[in-house]
Protein chains: 2
Amino acid sequence: MTDGVVERSRPRDRILETARDMFHKHGIKGVGVDAITEAAGTNKMTLYRHFESKDELIVECLRANAAKAGAMWEAFEAEFPGDKLAQLHAWVRKAAFMLNADGRGCDMANAAAELTEPEHPARLVIKELKEAQRARLVTLCRDAGIGQAELLADTLSLLFEGARVSVQTVGSEGPSAQFVRMAEGLIVSFRGAAAS
Amino acid sequence: MTDGVVERSRPRDRILETARDMFHKHGIKGVGVDAITEAAGTNKMTLYRHFESKDELIVECLRANAAKAGAMWEAFEAEFPGDKLAQLHAWVRKAAFMLNADGRGCDMANAAAELTEPEHPARLVIKELKEAQRARLVTLCRDAGIGQAELLADTLSLLFEGARVSVQTVGSEGPSAQFVRMAEGLIVSFRGAAAS
DNA sequence: CTAGGGTGTTACCGGTCTGTAACTATGCAG
DNA sequence: CTGCATAGTTACAGACCGGTAACACCCTAG
């Protein structure tokens, strides 16, 4: 019953929003199009008038997620204009917050785990969007004056990604509980090192 | 066609082995019991004589995976008897090897992503087995004389876990390519630090 | 008032899913 | 040879899946 996002907006938006929520909670293969349209207060025909297939709906959901993530980066810049180091610490705090939000991990990673066909359209956009996120973090580290910016960014990426799946498997009392300490320690360590 | 593990052994073993392989490649919800039994050279009735449901088969597959992982730890001890630090480095090498093996990530994590019902029997064993692995790595770090053994073990865990999902989403040329460097750097760093 | 696009409704298609029933074939122990 | 456990076969139940056809409805633009 927590799936009923039935505000009065255009059916396409309701479907997209509802699908995002249900895919996130129950997994992609765990939700049928009938369940989505019902929770969105509409019907299957309307869904197929706006999306040519379930696969396309999945792709649009992933893109919508990425757009929301993009807004996060703009919020960092708005909160600490020009202070890239502060923005990096804000990223750490935001990441830690997301860890404790719910135990359902990253939608992109979950989708990649479920959609195993190598040619599935979703796999392309997952790769594209993950690479964009990586590029943003690398840029942030570099602009913050970190010596080995790529290495720090990649290490933080893997830590965060790992923390998300750890929450999903053993809960938030597992290794992920130390995420902030690990991340902050890494930043300190990389700031102390000379540029290569 | 690569799914045909039809050696002549007892049907139960063939089913288990085939199911492990197919769940790993195609995901749990991506494989039906019919496909498993056919690839195992048997039939559905025989499966249901040995496993009371698909869920139980899933659980047995996860346990079998964990048993194989357990053998890995014994191999470390056999190769470097008593030399815990060498075993820790062996773990890093083994982890890196697994990253490049195939891009399908960790079966436990994938199962947790797919099986979203909080009371699903598989979730219990996933948590149990992941906690056992964590304990082993913590013990190894402590016995290797590392100061903050838990913190190093958890950091390495998250790095590895993150690297596996990274391979699954962006491939092995992404952040995970630096896994060994990150892990070795961490070990050096923790070895240099004083015990708390 | 009217025309038409967006929407809702119902029913349906062919396929797949987990799980079961009833029966047959095989192989081995006594 | 007999008896019995194990395994294979066929068919089926009941539900759900993604996707489509045909038609009725309503709201708004002209």
Side-chain angles (χ1 to χ4, degrees), chain A residues 3-23 25-62 110-111 114-117 119-123, chain B residues 3-23 25-62 110-111 114-117 119-123:
Chain A
D3 291 337
V5 187
V6 200
E7 329 105 15
R8 275 301 125 184
S9 49
R10 313 199 62 186
R12 187 180 195 281
D13 298 333
R14 276 181 287 148
I15 290 171
L16 203 55
E17 186 79 6
T18 309
R20 281 210 310 138
D21 184 59
M22 294 183 75
F23 286 154
K25 286 181 186 156
H26 312 299
I28 290 174
K29 300 210 176 154
V31 177
V33 292
D34 267 323
I36 292 171
T37 54
E38 186 184 350
T42 176
N43 55 67
K44 203 159 36 166
M45 270 316 301
T46 301
L47 186 153
Y48 281 103
R49 285 189 193 106
H50 290 285
F51 306 93
E52 76 168 8
S53 66
K54 184 186 182 182
D55 281 350
E56 190 188 288
L57 174 61
I58 294 167
V59 168
E60 290 308 310
C61 285
L62 294 175
N110 291 346
E114 283 198 78
L115 309 174
T116 65
E117 307 115 281
E119 304 304 324
H120 194 289
R123 299 199 70 86
Chain B
D3 292 338
V5 187
V6 199
E7 328 106 15
R8 274 302 122 185
S9 50
R10 314 198 58 193
R12 187 182 195 280
D13 299 332
R14 275 181 287 147
I15 290 170
L16 204 54
E17 187 79 6
T18 308
R20 281 210 312 138
D21 183 58
M22 294 182 75
F23 286 155
K25 287 181 186 157
H26 313 298
I28 291 175
K29 301 213 175 149
V31 177
V33 293
D34 267 322
I36 294 172
T37 54
E38 185 184 350
T42 176
N43 54 67
K44 200 156 42 165
M45 272 314 304
T46 301
L47 187 152
Y48 281 103
R49 285 193 193 101
H50 291 286
F51 307 92
E52 75 168 9
S53 65
K54 184 185 181 182
D55 281 349
E56 190 189 287
L57 175 61
I58 294 167
V59 168
E60 291 308 311
C61 285
L62 293 175
N110 290 346
E114 283 199 79
L115 309 172
T116 66
E117 306 114 281
E119 304 304 323
H120 194 289
R123 299 198 70 85

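Proteins come first, then strands; the chains are lettered A, B, ... in the order of their sequence lines, and each starts at number 1. Only heavy atoms go into these numbers, but all of them, side chains included; no hydrogens, no water, no symmetry mates.
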Whole-Å distance, A:Asn43 CG to C:dA11 P, equals 14 Å

ask   = Are the side chain of B:Arg14 and the backbone N or O of B:Ala40 linked by a donor-acceptor pair below 3.5 Å?
value = yes

Here the distance between atom P of D:dT10 and atom CD of B:Glu38, to the nearest Å, is 13 Å

message = Please determine whether a side-chain nitrogen or oxygen atom of B:Ser53 lies at a distance below 4.0 Å from atom OP1 or OP2 of C:dT18.
response = no

Looking only at heavy atoms, the pair that brings A:Lys54 and A:Lys29 closest together is NZ-CA, 4.4 Å

Checklist entry - Is there a side-chain polar atom (N or O) of A:His50 under 4.0 Å from OP1 or OP2 of C:dT7? => result yes

B:Arg10 atom CZ is separated from D:dT6 atom P, nearest whole Å, by 8 Å

When rounded to whole Å, the OH to P distance for the pair B:Tyr48 and C:dC17 reads 11 Å

query = So, does the side chain of B:Arg49 form a donor-acceptor pair with the base of D:dG8 at under 3.5 Å?
reply = yes

In whole angstroms, the gap separating P of D:dT20 from CZ of A:Phe51 amounts to 15 Å

Give a yes/no answer on whether the side chain of A:Thr46 brings an N or O atom under 4.0 Å of OP1 or OP2 in C:dT7. no

B:Arg14 atom CZ is separated from D:dG8 atom C1', nearest whole Å, by 11 Å

Smallest heavy-atom separation, B:Phe23 atom then B:Ile28 atom, equals CD2-CA, 3.7 Å

Residues A:Arg123 and A:Leu115: closest non-hydrogen pair is NH1-O, 2.6 Å

DNA chain D nearest-nucleotide lookup for A:Val33 and B:Thr42: closer to the 5′ end is B:Thr42

Classify the side chain of B:Lys54 versus the base of C:dG19 as yes if they form a donor-acceptor pair under 3.5 Å and no if they do not. no

B:Glu52 CD to C:dG19 P, in whole Å, measures 9 Å

Between B:Arg12 and A:Lys44, whichever has its closest DNA chain D nucleotide further toward 5' is B:Arg12

Rounded to whole Å, the CD1-C1' distance (A:Ile15 to D:dG18) equals 15 Å

For side chain to side chain contact (heavy atoms under 4.5 Å, CB included), just list the numbers for B:Val33 and B:Phe51, CA-CA rounded to whole Å, side-chain angles, deciding distance to a tenth of an Å, and then say yes or no.
CA-CA 11 Å; B:Val33 293; B:Phe51 307 92; over 6 Å; no

